[in-house]
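In what follows, a structure is listed as structure tokens, so that the remarks can point back to it.
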Amino acid sequence: MDYNFKQIEKKWQDKWEQAGVFHARDNSDKPKFYALVEFPYPSGAGMHVGHIKAYSGLEVVSRKRRLQGYNVLFPIGFDAYGLPTENYAIKTGVHPRKVTDMNIEKFTSQLKRVGFSFDWTRVIDTTQEDYYKWTQWIFLKMFENGLAFRDKTLVNYCPSCKVVLSNEDSQGGKCDICHSDIVQKSKDVWYLRITEYADKLLEGLEEVDYLPNIKLQQENWIGKSRGAFVTFAVNEADESFRIYTTRPDTLFGVTFMVMGPEHPMIDKYAGIIKNMDEVKAYREECAKKTEFERTQLVKDKTGVRLEGFTAKNPVNGKDIPIYISDYVMMGYGTGAIMAVPAHDQRDYDFAKKFGIDIIEVIKGGDISVEAYTGDGEMVNSGFLNGMTNKKDSIAKMIDYLTEKGIGEGGVQYKMKDWAFNRQRYWGEPIPIVYCPDCGMVPVDYKDLPLKLPEVENFEPGQDGESPLAKIESFVNCKCPKCGKDAKRETDTMPQWAGSSWYFLRYIDPHNSSALADMDKLNYWGPVDWYNGGMEHVTRHLIYSRFWHRFLYDIGAVPFKEPYLKRTAQGLILGPDGVKMSKSRGNVIDPNEVVDVYGADVLRTYVLFMGDYEQAAPWSESSVKGCKRFIDRIWKLQEMLADGDEYSKELSSSMHKTIKKVTEDIESMKFNTAIASVMTLLNTIYDNGKINRAELKSLLLIVNPFAPHITEEMWERQGFGKMLASDGVWPEFDEEKCVDDTVEIAVQINGKIRAKINVATDISDSDAISAAKQDEKVKAEIEGKNIIKEIYVKGRLVNIVAK
RNA sequence: GCAGGUAUGGUGAAAUUGGCAAACACGCCGGAUUUAGGAUCCGGUGUCGAAAGACUUGCAGGUUCAAGUCCUGUUACCUGCACCA
């Protein structure tokens with residue numbers, strides 16, 4: 001009687017759905033457990049096995065926790081706004097709404113075929129009006145609180161996608177969506193003031209349980225540094241400007257200043273600067289470079305001196321030349337720096353190229369060769385001379401600057417404000433109106449959602465205008481404040497908006513009067529365990545922490561940090577060991593695996609293939625190994641014996657395996673959990689039989705991994721109605737995990753010479769004398785001096801003899 | 001350049017945190033059954049060696065009765081950030 005997975009898997013998927021066994025209950029005496037996986041972007045390509053691995057981790061934890069008596073919320077949804085859908089619509093002419101609905105349907109059927117225990121009554125689609133209404137609501141709250149604002153600055157722009165991108169979306173100088181080179185463009189765009197939350201985001205990390213490298217990456221991304229702002233006076237005008245430095249103590253070593261090419265002071269004093277032609281030419285050159293080109297030319301410094309425009313060093317009164325160079329960026333600090341070539345390699349390279357003095361102020365290096373960035377005694381530095389401790393000399397200089405009123409201590413962050421608008425169609429409309437009299441006016445809360453209008457043509461406009469700009473009926477409106485004719489903002493929100501708060505909506509997905517009910521938020525929040533990809537650590541994960549913390553600050557949610565625990569799964573690589581991609585043709589479709597081997601095999605394999613956090617290549621033949629595992633479980637029914645208690649032969653194996661599986665699932669060591677069940681299976685096959693009590697426990701601990709086959713066997717053996725609703729996770733007894741006797745190794749001088757069987761609870765001295773009874777050992781220690789004897793309980797005896 | 005990580009059989013990987021390295025699985029070899037196998041079952045499988053035995057966790061040292069695990073140095077690869085002042 002072979003296991004007919006096709007029929008049986010379908011049967012149980014239907015039964016679970018009918019019985020609603022995975023619906024989370026809002027009122028329950030059980031302890032709650034909120035497990036969250038990153039909801040997918042429903043792309044046209046459908047899911048691949050990477051999705052399955054990403055969801056299988058917490059799927060197993062959730063199923064186990066239910067059997068352990070938890071009230072589990074394990075939801076799923078769709079993050080459906082985004083460029084790929086819109087680009088597909090442009091190419092084919094099919095409306096994004098239609099494409100999205102089709103894709104969601106496809107994803108849903110794929111997910112259901114794998115038997116995930118999601119609560120399908122709480123599904124979210126970020127493109128639905130009753131959802132994005134609240135996305136817009138949050139935006140308006142931010143606007144109200146001064147966190148959403150417009151500013152004309154240099155922005156990252158993708159010429160291919162024709163959109164402005166945030167820093168997070170253009171890491172490495174490449175567009176996150178199409179991987180084209182990013183260019184800098186001066187543009188008036190919407191920002192969310194995430195920098196105001198930099199410290200809160202840093203502090204929040206201290207109270208959550210994230211993988212260490214996740215915390216670290218976020219810390220680096222926020223990039224807090226401490227230093228000082230110093231004011232430099234200009235000699236030729238009644239003017240001064242500020243710089244930021246982390247080493248104010250090197251102020252005596254300043255031999256030039258550098259401003260970013262776009263520094264506003266240059267235009268202001270164009271009349272004084274004698275070589276404006278040269279300056280303008282350099283600026284144009286810089287503007288043409290892509291981010292990529294800029295970072296490729298790190299070694300070769302370029303720049304132009306501002307002739308007839310110099311600064312005065314505030315600590316020693318020296319006149320200092322000012323240059324412009326693209327190695328100074330407008331987006332960090334003040335857009336101008338003091339250059340200390342002796343102790344900064346970039347300044348050093350620049351000084352060498354332009355023949356500028358290099359003055360040593362910290363002893364210890366050889367400044368004729370390179371900049372010295374280490375510690376040492378201060379020299380040529382007036383009142384700092386002789387100091388050797390970096391912290392002290394920095395503090396002393398900051399005190400001096402503060403006292404003289406020419407500077408003060410300060411901090412800077414690498415993180416920049418979040419460029420928040422996209423000149424595209426398929427996103428949440430930004431609910432702002434431009435009134436000629438009132439200026440920027442928010443849409444009234446009662447008028448939300450501001451609906452995305454129907455359009456015919458999704459192509460973005462030539463000068464980076466949103467397709468919405470062409471829809472007159474949308475653009476033209478009345479000012480919500482004064483009622484006069486006004487125009488709407490036509491840009492939409494970026495892809496990350498909807499996903500920044502979706503975990504809150506799962507808690508109360510159909511609420512029409514609030515983003516979620518406060519009582520329910522109190523019951524379910526925060527998310528107990530969130531699993532997702534490493535690629536989102538400095539994007540979605542930081543954005544959503546920011547939104548959530550804001551919502552907490554305005555009293556919309558009752559808890560500070562959204563996620564108590566965050567883990568990440570490793571990629572599944574193609575069979576060729578390279579990242580799966582359509583262009584390489586090495587993508588594995590979960591449907592095909594389910595067709596050939598069944599969902600239980602797929603689920604088991606993605607967790608058995610290796611360390612959950614590590615990347616691992618797909619291996620068709622290893623899938624077969626898991627198929628054998630499933631089939632061997634089925635065949636246990638042929639060796640079934642009676643028995644209401646564990647048999648003597650299998651008792652310790654049962655307890656050991658239950659312990660291992662119970663503990664390993666919680667620490668995401670799914671591979672070893674499955675391995676231990678395989679070991680148990682080998683033991684049972686050697687034993688030749690399994691009794692009902694043993695089978696019952698085995699089905700329960702395998703159920704989270706392979707729910708269909710275990711459910712079917714549960715029913716056939718009459719253990720109860722339905723495992724998913726009636727099953728109770730088996731207990732293990734620590735004491736019963738140990739066998740009566742144990743094989744230990746006997747070492748002589750650290751080398752294994754024999755193995756002996758002893759009682760598990762044998763005393764140290766008895767174990768050692770037992771070891772000495774062994775013929776081999778006797779011969780080895782014959783005539784030698786025994787220096788030391790060690791017994792490690794249940795492990796080994798080591799005799800040191802000379 | 002900065003930060004973090006990884007390195008163990010032919011392959012994916014285990015190793016109670018200092019205590020028998022290679023669990024579990026794949027692959028391979030041999031056998032049984034079979035008209036047949038992407039089926040099942042049994043046995044073998046780190047390397048060298050006929051064997052006794054010796055050697056073995058990227059490389060070189062060190063600590064220890066005992067090191068994959070701790071310390072020092074070094075190499076390679078991976079990931080993230082990157083002219084961040």
Side-chain angles (χ1 to χ4, degrees), chain A residues 2 171-173 212-214 216-221 223-225 227 243-248 250 258 260 291 294-301 325-329 331-340 343-347 349-350 373 412-416 534-535 537-538 577 596-597 605 608-611 613-629 631-632 635 659-660 663 669 671-682 685 737 743-752 754-755 787-801:
Chain A
D2 276 352
Q171 296 181 22
N213 56 331
I214 294 178
L216 198 77
Q217 263 192 46
Q218 291 212 341
E219 278 164 17
N220 290 344
W221 185 256
K224 184 174 186 170
S225 86
I243 59 95
Y244 174 75
T245 177
T246 53
R247 294 301 303 267
T250 61
V258 188
E291 275 294 287
R294 250 177 99 146
T295 50
Q296 284 310 293
L297 298 168
V298 169
K299 284 282 168 288
D300 188 29
K301 296 281 179 291
S325 172
D326 64 358
Y327 85 88
V328 171
M329 276 149 310
Y332 185 80
T334 63
I337 62 156
M338 63 177 218
V340 185
H343 306 290
D344 182 292
Q345 192 58 40
R346 293 155 303 172
D347 297 347
D349 294 340
F350 193 90
T373 53
Q412 276 294 304
Y413 303 92
K414 286 187 193 175
M415 185 168 66
K416 303 202 170 83
M534 281 307 290
E535 70 275 16
V537 168
T538 53
V596 180
Y597 301 102
Y605 175 63
F608 181 65
M609 60 195 299
D611 186 331
E613 288 168 30
Q614 226 66 50
W618 185 265
S619 158
E620 179 79 19
S621 54
S622 292
V623 177
K624 285 177 204 157
C626 290
K627 170 78 177 151
R628 255 171 239 159
F629 169 63
D631 287 343
R632 269 158 70 87
K635 283 190 204 137
K659 174 178 156 73
K660 183 84 179 143
E663 293 172 353
K669 290 159 80 178
N671 53 339
T672 50
I674 294 166
S676 74
V677 176
M678 288 174 171
T679 308
L680 174 65
L681 222 47
N682 289 341
Y685 271 74
C737 290
E743 189 190 62
I744 62 166
V746 182
Q747 297 181 333
I748 310 291
N749 296 329
K751 298 222 181 248
I752 293 162
K755 297 199 175 173
I787 298 165
K788 204 169 182 178
E789 295 166 327
I790 297 142
Y791 173 61
V792 182
K793 195 172 182 330
R795 295 264 147 204
L796 54 74
V797 167
N798 190 10
I799 299 169
V800 186

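Both backbone and side-chain heavy atoms feed into the values below; hydrogens, waters and symmetry mates do not. Numbers restart at 1 for each chain; the letters A, B, ... are given by sequence-line order, proteins then strands. Note that this is a predicted model, so its numbers are computed, not measured.
When all heavy atoms are compared, the tightest approach of A/Val797 to A/Ile744 is CG2-CD1, 3.7 Å. A/Val328 and A/Gly335 get closest at one heavy-atom pair: CG1-O, 3.5 Å. Across all non-hydrogen atoms, the minimal contact from A/Thr538 to A/Gln217 is CG2-O, 3.8 Å.
Comparing B/C48 with B/U40, their C1' atoms sit 36 Å apart, to the nearest whole Å. With both ends at atom C1', the span from B/G68 to B/G58 equals 12 Å, rounded to whole Å. Here, B/C29 and B/A66 have their P atoms 43 Å apart, quoted to the whole Å. Distance noted for atom C1' between B/A22 and B/U56: 11 Å (whole Å). Comparing the same atom, C1', in B/U11 and in B/U79 gives a spacing of 24 Å after rounding to whole Å. One P atom belongs to B/U64, the other to B/C71, and the distance between them is 16 Å to the nearest Å. Comparing the C1' positions of B/U8 and B/C59 gives a spacing of 14 Å, expressed to the nearest Å. For B/A25 and B/A15, the P atoms lie 16 Å apart once the distance is rounded to whole Å.
OP1 or OP2 of B/U40 sits under 4.0 Å from a side-chain N or O of A/Arg628. For B/A85, the OP1/OP2 oxygens have no side-chain nitrogen or oxygen of A/Tyr244 closer than 4.0 Å. The shortest distance between the side-chain N/O atoms of A/Asn682 and the OP1/OP2 oxygens of B/A25 is below 4.0 Å. Dashed line: the shortest gap from a side-chain N or O of A/Arg632 to OP1 or OP2 of B/C41 is under 4.0 Å. The side chain of A/Lys669 places an N or O atom within less than 4.0 Å of a non-bridging phosphate oxygen (OP1 or OP2) of B/A15. At the phosphate of B/C55, OP1 or OP2 sits under 4.0 Å from a side-chain N or O atom of A/Lys751. Proximity of A/Asn671 to the phosphate of B/A14: a side-chain N or O atom is located under 4.0 Å from OP1 or OP2.
Within 4.0 Å of A/Lys635, counting heavy atoms only, lie sugar-phosphate atoms of the nucleic acid but no base atom. No engagement by A/Tyr685 is indicated, since no non-hydrogen atom pair under 4.0 Å with the nucleic acid exists. Within the 4.0 angstrom heavy-atom criterion, no nucleotide atom of any strand lies near A/Val677. A/Met329 comes within 4.0 angstrom of a base, heavy atoms only. Among the atoms of the strands shown, none is found under 4.0 Å from any heavy atom of A/Glu789. Residue A/Ile752 is classed as a sugar-phosphate contact, given heavy-atom separations below 4.0 Å to backbone atoms only. Residue-level contact check: A/Asn220 touches the backbone only, with heavy atoms under 4.0 Å from sugar-phosphate atoms and none from bases. Contact annotation for A/Val537: no contact, since no heavy-atom pair falls under 4.0 Å across all strands. Note on A/Lys627: nothing from the nucleic acid sits closer than 4.0 angstrom, heavy atoms only. Residue contacts for A/Gly333: at a heavy-atom cut-off of 4.0 Å it reaches no nucleic acid atom on any strand shown. Base engagement by A/Val792 is indicated by at least one non-hydrogen atom pair under 4.0 Å involving a base atom.
Pairing partner, B/G30: B/C42, with both Watson-Crick or wobble hydrogen-bond distances short of 3.5 Å. Remark: B/C24 base-pairs with B/G12. Criterion, Watson-Crick or G-U wobble with two distances under 3.5 Å. For B/U79, the paired nucleotide is B/A3, the pair qualifying as Watson-Crick or G-U wobble because both relevant distances are below 3.5 Å. B/U63 is unpaired under the criterion used here, namely a Watson-Crick or G-U wobble arrangement in which both key atom distances are under 3.5 Å. Using N1 to N3 plus N6-O4 or O6-N4 for Watson-Crick, or N1-O2 and O6-N3 for G-U wobble, each under 3.5 Å, B/G18 pairs with nothing.
In the set B/C65, B/C26, B/G38, B/C65 carries the atom at the smallest distance from any side-chain atom of A/Lys788. Considering only the side chain of A/Thr672, B/A14 comes nearest among B/A14, B/C83, B/G38. When the nucleotides B/C65, B/C20, B/C26 are ranked by their closest atom to the side chain of A/Ile790, B/C65 comes out on top. For A/Ala675, whose side chain is taken as the heavy atoms from C-beta onward, the closest listed nucleotide among B/A23, B/A14, B/C26 is B/A23. Which of B/G27, B/G19, B/A14 sits closest to the side chain of A/Ser621 comes down to B/G27. Looking at the side chain of A/Tyr332, the nearest of the listed nucleotides B/A14, B/A85, B/C83 is B/A85. Distances from the side chain of A/Thr246 to the nucleotides B/C26, B/C24, B/A85 place B/A85 closest. The side chain of A/Asn213 sits closest to B/G4 out of B/A15, B/G4, B/C26. Set against B/C83, B/C65, B/C26, the side chain of A/Asn798 has B/C65 as its closest nucleotide.
Here the straight-line distance linking atom CE of A/Met415 with atom CD of A/Glu219 works out to 12.5 Å at 0.5 Å rounding.
Distance OH (A/Tyr791) to P (B/A66): 20 Å, rounded to an integer number of Å. Here B/U8 presents its C1' atom at 14 Å from CD of A/Gln614, a figure rounded to the nearest Å. The CD atom of A/Glu613 sits 13 Å away from the P atom of B/A13 (whole-angstrom rounding). The separation between A/Phe608 atom CZ and B/C24 atom C1' is 5 Å, rounded to whole Å. Distance CE (A/Met415) to C1' (B/A82): 17 Å, rounded to an integer number of Å. The distance between atom OH of A/Tyr597 and atom P of B/C26, rounded to the nearest whole Å, is 12 Å. A/Ile744 places its CD1 atom 12 Å from the P atom of B/C20, with the value rounded to the nearest Å. Summarising the geometry, the separation between CE on A/Met678 and C1' on B/C24 is reported as 7 Å, rounded to the nearest angstrom.
Residues A/Lys627 and A/Asp631 are paired through a salt bridge, judged by an N-O separation under 4.0 Å between the basic side chain and the carboxylate.
Of the two residues near RNA chain B, A/Leu216 and A/Lys755, the one whose nearest nucleotide lies more 5' is A/Leu216. Take the nearest nucleotide of RNA chain B for A/Ser676 and for A/Thr245: the residue whose nucleotide is more 5' is A/Ser676.
Residues A/Val746 and A/Leu796 fail the side-chain proximity criterion, which asks for heavy atoms closer than 4.5 Å.
Using modelled atom types, one side-chain atom of A/Asp347 and one backbone atom of A/Val340 make a donor-acceptor pair closer than 3.5 Å.
Note: A/Phe350 and A/Tyr327 have tilted aromatic rings, judged against thresholds of 30 and 60 degrees for the angle between ring planes.
For B/U40, the O4'-C1' to base torsion is more than 90° from 0; the nucleotide is therefore anti. B/G9 has its base syn relative to the sugar, with a glycosidic angle deviating from 0 by at most 90°.
No hydrogens or angles were tested; on distance alone, nothing pairs the side chain of A/Lys624 with the base of B/C26 as donor and acceptor under 3.5 Å.
Side chains of A/Ser225 and A/Tyr244: a donor-acceptor N/O pair is present below 3.5 angstrom, by distance only. Of the N and O atoms on the side chains of A/Glu620 and A/Tyr597, at least one donor lies less than 3.5 Å from an acceptor on the other residue.
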